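Values reported hereafter were calculated over all heavy atoms of this structure, with side chains retained and with hydrogens, waters and symmetry mates removed. In this text, all values refer to a predicted model and were calculated from it rather than measured experimentally. All chains are named by letter (A, B, ...) in the order of the sequence lines, taking the proteins before the strands, and each is independently numbered beginning at 1.
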2 protein chains.
Amino acid sequence: MKRKPLEPTRLPTIVDVARLAGVSKSTVSNVIRDAACVAPAMRARVTNAVAALNYRPNVLARQLVQQRTKIFGAVAGDLANPFHAEMAKQIEQHAAAKGYRVMFVNTHADEVDEASLEQLLEYRVAGILFLAHAGMSERARLLVSGKLPVVFVTCSADWGDVVSGDDHRGAEVATRHLISLGHRRIAYFADPIVEDAADRARRAGYRAVMEEADLQPNVYRWRRSPPGLLRNNREVSPESLLLGERRVTAIFSSNDLGAIEILDCADRLGIRIPEDLSVVGFDDILLARLARINLTTVVQPQHALAELAIDTLSARIAGSLPTTPVRRTVELHLVVRGSTAPRSPE
Amino acid sequence: MKRKPLEPTRLPTIVDVARLAGVSKSTVSNVIRDAACVAPAMRARVTNAVAALNYRPNVLARQLVQQRTKIFGAVAGDLANPFHAEMAKQIEQHAAAKGYRVMFVNTHADEVDEASLEQLLEYRVAGILFLAHAGMSERARLLVSGKLPVVFVTCSADWGDVVSGDDHRGAEVATRHLISLGHRRIAYFADPIVEDAADRARRAGYRAVMEEADLQPNVYRWRRSPPGLLRNNREVSPESLLLGERRVTAIFSSNDLGAIEILDCADRLGIRIPEDLSVVGFDDILLARLARINLTTVVQPQHALAELAIDTLSARIAGSLPTTPVRRTVELHLVVRGSTAPRSPE
DNA sequence: CTGAAAGCGCTAACAC
DNA sequence: GTGTTAGCGCTTTCAG
């Protein structure tokens, strides 16, 4: 009935410490968690034993008995996207500061993967952070909805708390900047890797300002494969848009990566930035600051977003939030760099 | 003696499933792990019960009793660095493919943080991957050395398995490329964020080829704060190096990020790339492919590196590797883009 | 203030 | 094949 003896490399357990210190398990437990007050002499004996054995508590066992983990699940967008990578880093750091570890899972082709979500549930994560995902299946939603705390960071859904920048206002500021430089033919370029709700809000901000200024909104959408530019699902050639009499003189891109693609495209077509074309991005990834890129863009404060996200998730877990989802927004501002300039006289 | 009843939101356990299916725990266990062969009828009853209750096994409990986890710890360099971010993504994906989850911890100021390592040990991770860290304290080393499988990816140490590119050869190829373009005054720029052993190997490769060609090696080092350029610990002004009679005409940077800084610096000084100065990087981060950057660089195949790293770690855990550390190397090749050109006649 | 004892949810012998 | 049972390492009442 006895199972075979454990391998010799076994790590010391709380009983080993208790035995060595000549006390009971509970006393050791009390010391390592410094819970109930323990007599100084006892505490010293335990501490010595811990050091002697190089004892390290097994948090898995602890979390099993406590019926809750200190692990967050995080569903990150493609980490090859610098915005997501920077965000992931900030999330990890702020979580660690609150005593949580993070298990990251990548999205697959920008779609949240159900198997990964199930894994997170099997690990009994304390909550899930969705970082800027582009989409999620209904089945994926049902998997987690209502089962554990969820916060959407830089993206949105009605079945969890939301932490994001004020996309509408950010887009307004960007568009006003271009108008104030004298531009009138200003296009909005939607990058499909931007999450839907965020894209809609940015587009709406753009539209509002354009209409307020009696200008015609022009919305285009990148298609990644095969590469192309779409307007109302109809193919548009970049040349027709960027060259010729009725070309646009300014573009507001829904993210920095898209803006940088526009720069590339302009370079190929011999269009000078910012003399011939002004470009504004969204995010302010590190990349945007490079001298060779030098992109005017709407800053998403990643540090603040990550901190707020972690705060929200911990508060939700602690039960100190209203039952209905909260929606927290941080202010966005524009940083003007070298990719925008006054419209040149024709 | 009875503890207070569990909260109503309790997730179903294996006993709940067993009760509903009218079988024993073990049978359920056998079914969900499809271990021992179970009669089809039984299996169906269990499967139904699982579905009905929406049961999901608690992997923490499983891992506790099995005395081993399916979690890897990964110590990543600064994720704001695209090379690390891309590497982290690949690691996560290959680990997932082998049934492992990854807990990432960031390095703090490029130094591996002892507290984070202790956390990983407390989670009883099955192994640790060090991804391109810049340095580690002696205490940090003692914390893990010999206690569990460790693999160094894109960095090196003698107390664990190593998976990396062939840095020496990569540097040779890069240097030969510059020499073949007619350059004679070629400098090596070391970026301090590159891990020591990798930097040494790249530098050695550079040196070897330079000496073989009877050229004088010139090694410089970036300092991040305050920004500056050092040679033998003495301050060197970029102007003196890049302008004037005895200026270098080509630079080989120990990583792409450093190479991009050189581009920035050249832009500021009015030095044209590649006409006046050729630059070669190392890594081939996504960034390097942008039209505006267009960097000639040594490609580190991240996919292959990540796969090999995960293979090595799993093999080590399975005990199918020799007791002494293994060292696995992948070939590196050069991709020629627009940042290098033949030396212009003076 | 300390110790005894009852589990947390699961796996793995082993007996039937 | 299936059920019984003894833990994995820890926390947490509750008695003393």
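Close to C:dG3, at under 4.0 Å from its OP1 or OP2, lies a side-chain N or O of A:T27. In this model, the phosphate group of C:dC10 is approached by a side-chain N or O of B:Y55 to a distance below 4.0 Å at OP1 or OP2. OP1 and OP2 of C:dC8 both lie 4.0 Å or more from every side-chain N or O belonging to A:R68. Contact between the side-chain N/O atoms of B:R124 and the OP1/OP2 oxygens of D:dG9 is not found at any separation under 4.0 Å. For A:S29 and D:dC10, the shortest distance from a side-chain N or O to OP1 or OP2 is not below 4.0 Å. The side chain of B:T13 places no N or O atom within less than 4.0 Å of a non-bridging phosphate oxygen (OP1 or OP2) of C:dG9.
Put simply, the side chain of B:I32 reaches to within 4.5 Å of the side chain of B:Y55, judged on heavy atoms. The closest side-chain heavy-atom distance from A:V102 to A:I71 is not below 4.5 Å.
Atom CZ of A:R56 is separated from atom C1' of D:dC10 by 16 Å (rounded to the nearest Å). The nearest whole Å value for the distance from the CG atom in A:L64 to the P atom in C:dT11 is 12 Å. Atom CG of A:D16 and atom P of D:dC8 are 11 Å apart (whole Å). Distance B:K25 NZ to D:dT5 C1': 9 Å, rounded to the nearest Å. One atom, CD1 of A:I32, and another, P of D:dG9, lie 13 Å apart when rounded to the nearest Å. Rounded to whole angstrom, the span from the OH atom of B:Y123 across to the P atom of D:dG9 amounts to 18 Å. Atoms CG (B:L11) and P (C:dC8) sit 14 Å apart, rounded to a whole Å. Per the geometry, CD belonging to A:Q63 stands 16 Å off P belonging to D:dG9, to the nearest Å.
Counting any heavy atom pair closer than 4.0 Å across all strands shown, A:V23 reaches sugar-phosphate atoms only and no base atom. Residue A:V59 is out of contact with every strand shown, counting any heavy-atom pair closer than 4.0 Å. Nucleic acid contact for B:V38: sugar-phosphate only, since backbone atoms but no base atoms lie under 4.0 Å from a heavy atom of the residue.
For A:N58, whose side chain is taken as the heavy atoms from C-beta onward, the closest listed nucleotide among C:dC10, D:dC10, D:dG1 is D:dC10. Of the candidate nucleotides C:dT2, D:dT11, D:dT5, D:dT11 has the atom nearest to the side chain of A:I14. Comparing D:dC8, D:dG3, C:dT2 by their nearest atom to the side chain of A:M42 picks out C:dT2. Among D:dG9, D:dT4, C:dT11, the nucleotide with an atom closest to any side-chain atom of B:S26 is D:dT4. For A:Q67, taking side-chain heavy atoms from C-beta onward, the closest of the listed nucleotides C:dG7, C:dG3, C:dG9 is C:dG9. Of the candidate nucleotides D:dT11, C:dT11, C:dC10, C:dT11 has the atom lying nearest to any side-chain atom of B:R33. Nearest nucleotide to the A:Q66 side chain, out of C:dT2, D:dG3, D:dT12: D:dT12.
Each of B:L60 and B:N30 lies near DNA chain C, and the nucleotide nearest B:L60 is the one positioned closer to the 5' end.
A salt bridge between A:R56 and B:E122 is absent, with no side-chain N of the basic residue lying under 4.0 Å from a carboxylate O of the acidic one.
Between B:Y123 and the choices A:Q63, A:K70, A:R101, the side chain to side chain donor-acceptor pair (under 3.5 Å) rule is met once, by A:Q63.
No hydrogens or angles considered: nothing links the side chains of B:S164 and B:R328 as a donor-acceptor pair under 3.5 Å.
Note: B:E92 CD to B:H94 NE2 = 11.0 Å, rounded to the nearest 0.5 Å.
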